[in-house]
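In the text below, chain A, chain B and the rest are named by the order of the sequence lines, each starting its count at 1.
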Protein chains: 2
Amino acid sequence: MNSGSFLWQVSLILQVINRGRDGMMAYRQTERVKEKRAQKRAQIIKAAREIFAQKSYQEVSIKALAKKAKIATGTFYLYFSNKEALINMIVDEMFQELLACIKEERACFTDSLDKLQASMKACIKLFVKEKEMAKILLVQVPGVNNAFNAKLIEIENEMIRFTRNDLDELKAQGRLPEEDTLVSAMAFVGSFRQVIINWLREGKPEDLDKAFATLMEYNMRGLGQVK
Amino acid sequence: MNSGSFLWQVSLILQVINRGRDGMMAYRQTERVKEKRAQKRAQIIKAAREIFAQKSYQEVSIKALAKKAKIATGTFYLYFSNKEALINMIVDEMFQELLACIKEERACFTDSLDKLQASMKACIKLFVKEKEMAKILLVQVPGVNNAFNAKLIEIENEMIRFTRNDLDELKAQGRLPEEDTLVSAMAFVGSFRQVIINWLREGKPEDLDKAFATLMEYNMRGLGQVK
DNA sequence: GTATAAAATGAATTCGGGTTCATTCTTATG
DNA sequence: CATAAGAATGAACCCGAATTCATTTTATAC
């Protein structure tokens, strides 16, 4: 490599000095590129959501994901540190979205029972709208690994906790019989979960909205007469 | 390899002739060995059940399993064709056991409602007795892979189908209001599933038997007045 | 247009775990 | 006791998938 001409060396030195002076570089910051990068990142996430809704975590290879996102395998690692980071991000985002939906829907009511019903309605509404998300959260992701699975379990337990809170309030108002609200909350959440999952897996209750009504009646009766 | 002495060759030939004559071999059949083999097989299954109750399918390596079973890794393959065959066998066995339990318990009753209750009681009873089995069936195995997962889903759906049958009978007897029995069956099964899983995962309803009673009341109310 | 740095590429590398296999150990036969 | 076959062993092999990296492409600054 005969790159040692005097002029070349001088230009290099000058450049270094220049950079040292004001941190200038030949290609810095961006704008259009920044935009492009964000777009590509979104592209990857979109592809990932699609593919993870169909196959389980370990069945999805980075190669396949990259292909779907129309990038090279190596490119993936320019946007995410690794495969697990990606799924983590996706699930976190989804969870946040779910919580936001529930909160929003609940804000419309003051009565505990109404709020409880609003929570479940929010879930159903979101899952119907974003079937992909539902499949990932409820059907696919559980098969990742014990460590990661904990997050999913956390979400489920959070739902139970919320529900129990509502039930406790109702109980305090004397609108629920003396029962273990923990068990009731689990029954409540579990019944919804089961119907939603079956709907996702084999489209069994064809009309989820109608099933929702049936389910809510079932649970209202189950809770005991709540006025 | 100078194994061509005349005498050696003759002995070899005689041996072959001998075998050809009456199928005699130096070491055939067994009895004590047969027993020993069966024992070792059971040893492997026992270790597998223990380890699969704690870790998910892919988190369990044959090496680790072999270690737990106190055998060499290669030995595993003298008893099972591969890892998947093992887990398949285990799950199949468990499912059979579960079905047998339910059938037995149901046989004690003639009334549909009693039978329905007996089914769930049988499940709970078995899962309490064989917590290991419950963990594998309900908590761990879902994370194997899509193809295998189908079996687990089949089990769950089978439970729903049974339940629905009972509900349809009750409905025919005019003991249930006009409701979608599919949704009711899912709610029924789902509520039990949720409670059992939480109990397995974090021992949350400490007393599962007591929770069972609460849960059954919840669902009886949920179904509507069944006489 | 040239030089340079970021972005993208995909073949090569790594790694972990399932499976195999040459070897050693055990058991039964004569 | 010698022989040979089955049982057991665990190191070696293999394969697939995650991750890396040398190289190429694209974008910017002058």
Side-chain angles (χ1 to χ4, degrees), chain A residues 3 5 7-16 18-19 22-41 43-44 48 51 55-67 69-87 144-145, chain B residues 3 7-8 11-12 14-16 18-19 22-41 43-44 48 51 55-67 69-87 144-145:
Chain A
S3 60
S5 91
L7 273 177
W8 189 83
Q9 286 197 359
V10 167
S11 84
L12 190 90
I13 288 163
L14 286 177
Q15 201 184 92
V16 168
N18 192 39
R19 275 202 217 154
D22 58 12
M24 192 71 170
M25 279 194 245
Y27 174 31
R28 260 266 239 87
Q29 287 188 301
T30 36
E31 201 37 56
R32 177 165 67 111
V33 166
K34 220 181 206 167
E35 171 62 28
K36 216 174 157 188
R37 257 187 142 260
Q39 213 174 296
K40 187 157 278 188
R41 188 185 155 88
Q43 199 181 115
I44 295 173
I51 206 165
K55 298 175 159 215
S56 77
Y57 180 72
Q58 40 269 335
E59 280 172 336
V60 174
S61 70
I62 297 296
K63 232 172 224 170
L65 169 61
K67 194 175 169 189
K70 294 184 205 301
I71 57 169
T73 55
T75 308
F76 171 80
Y77 291 91
L78 295 176
Y79 291 84
F80 297 92
S81 55
N82 55 42
K83 190 180 173 184
E84 192 163 331
L86 171 71
I87 190 76
V144 179
N145 63 56
Chain B
S3 60
L7 273 178
W8 189 83
S11 83
L12 190 90
L14 287 176
Q15 202 186 96
V16 168
N18 193 39
R19 275 201 217 154
D22 59 13
M24 192 72 170
M25 279 195 246
Y27 173 32
R28 262 265 239 90
Q29 287 189 299
T30 36
E31 201 38 56
R32 177 166 66 112
V33 166
K34 222 180 207 170
E35 171 61 29
K36 215 174 158 188
R37 256 187 143 259
Q39 213 174 296
K40 187 158 276 188
R41 188 185 155 89
Q43 199 181 113
I44 295 174
I51 206 166
K55 300 176 157 215
S56 77
Y57 180 72
Q58 38 270 333
E59 280 172 335
V60 173
S61 69
I62 297 296
K63 237 171 221 171
L65 169 60
K67 194 175 170 189
K70 293 185 206 301
I71 57 171
T73 56
T75 307
F76 171 80
Y77 292 91
L78 296 175
Y79 290 85
F80 297 91
S81 55
N82 55 42
K83 190 180 175 185
E84 193 164 330
L86 171 72
I87 190 76
V144 179
N145 63 54

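Legend: residues meeting side chain to side chain contact (heavy atoms under 4.5 Å, CB included) with B:Lys63, ordered by chain and number and at least two apart, are B:Ser61, B:Thr73. Taking A:Phe76 as the reference, A:Phe80 meet the ring pair (Phe, Tyr, Trp, His ring centres under 6.0 Å) condition, with sequence neighbours excluded. In this view, B:Ala48 and B:Phe52, B:Leu65, B:Leu86, B:Ile90 satisfy the side chain to side chain contact (heavy atoms under 4.5 Å, CB included) rule, not counting sequence neighbours. B:Ala85 pairs by the side chain to side chain contact (heavy atoms under 4.5 Å, CB included) definition with B:Ser81, B:Asn82, not counting sequence neighbours.
Within the 3.5 Å criterion, the main-chain N or O of A:Val60 finds a donor-acceptor partner in the side chain of A:Lys83.
As a whole-Å value, the separation of A:Ile44 CD1 from C:dA8 P is 8 Å. The CG atom of A:Asn82 sits 19 Å away from the P atom of C:dT14 (whole-angstrom rounding). One interatomic measurement links the two molecules: NZ of B:Lys55 to C1' of C:dG17, which rounds to 13 Å at whole-angstrom precision. Across the protein-nucleic acid pair, B:Phe80 atom CZ and C:dG18 atom C1' stand 16 Å apart, rounded to whole Å. Going from atom NZ of B:Lys83 over to atom P of C:dT20 covers 15 Å, rounded to whole Å. If you measure from atom CZ of B:Arg32 to atom P of C:dT29, you get 11 Å, rounded to the nearest angstrom. Atom CD1 of A:Ile62 is separated from atom C1' of C:dC15 by 15 Å (rounded to the nearest Å). If you measure from atom CD of B:Glu35 to atom P of C:dT27, you get 14 Å, rounded to the nearest angstrom.
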Legend entry - Footprint string (nucleotides 8-15 of chain D, 5' to 3'): B base within contact, S backbone only, - free, heavy atoms under 4.0 Å: BBBB----
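Rounded to the nearest 0.5 Å, atoms CD1 (A:Ile44) and CD1 (A:Ile51) are 12.5 Å apart.
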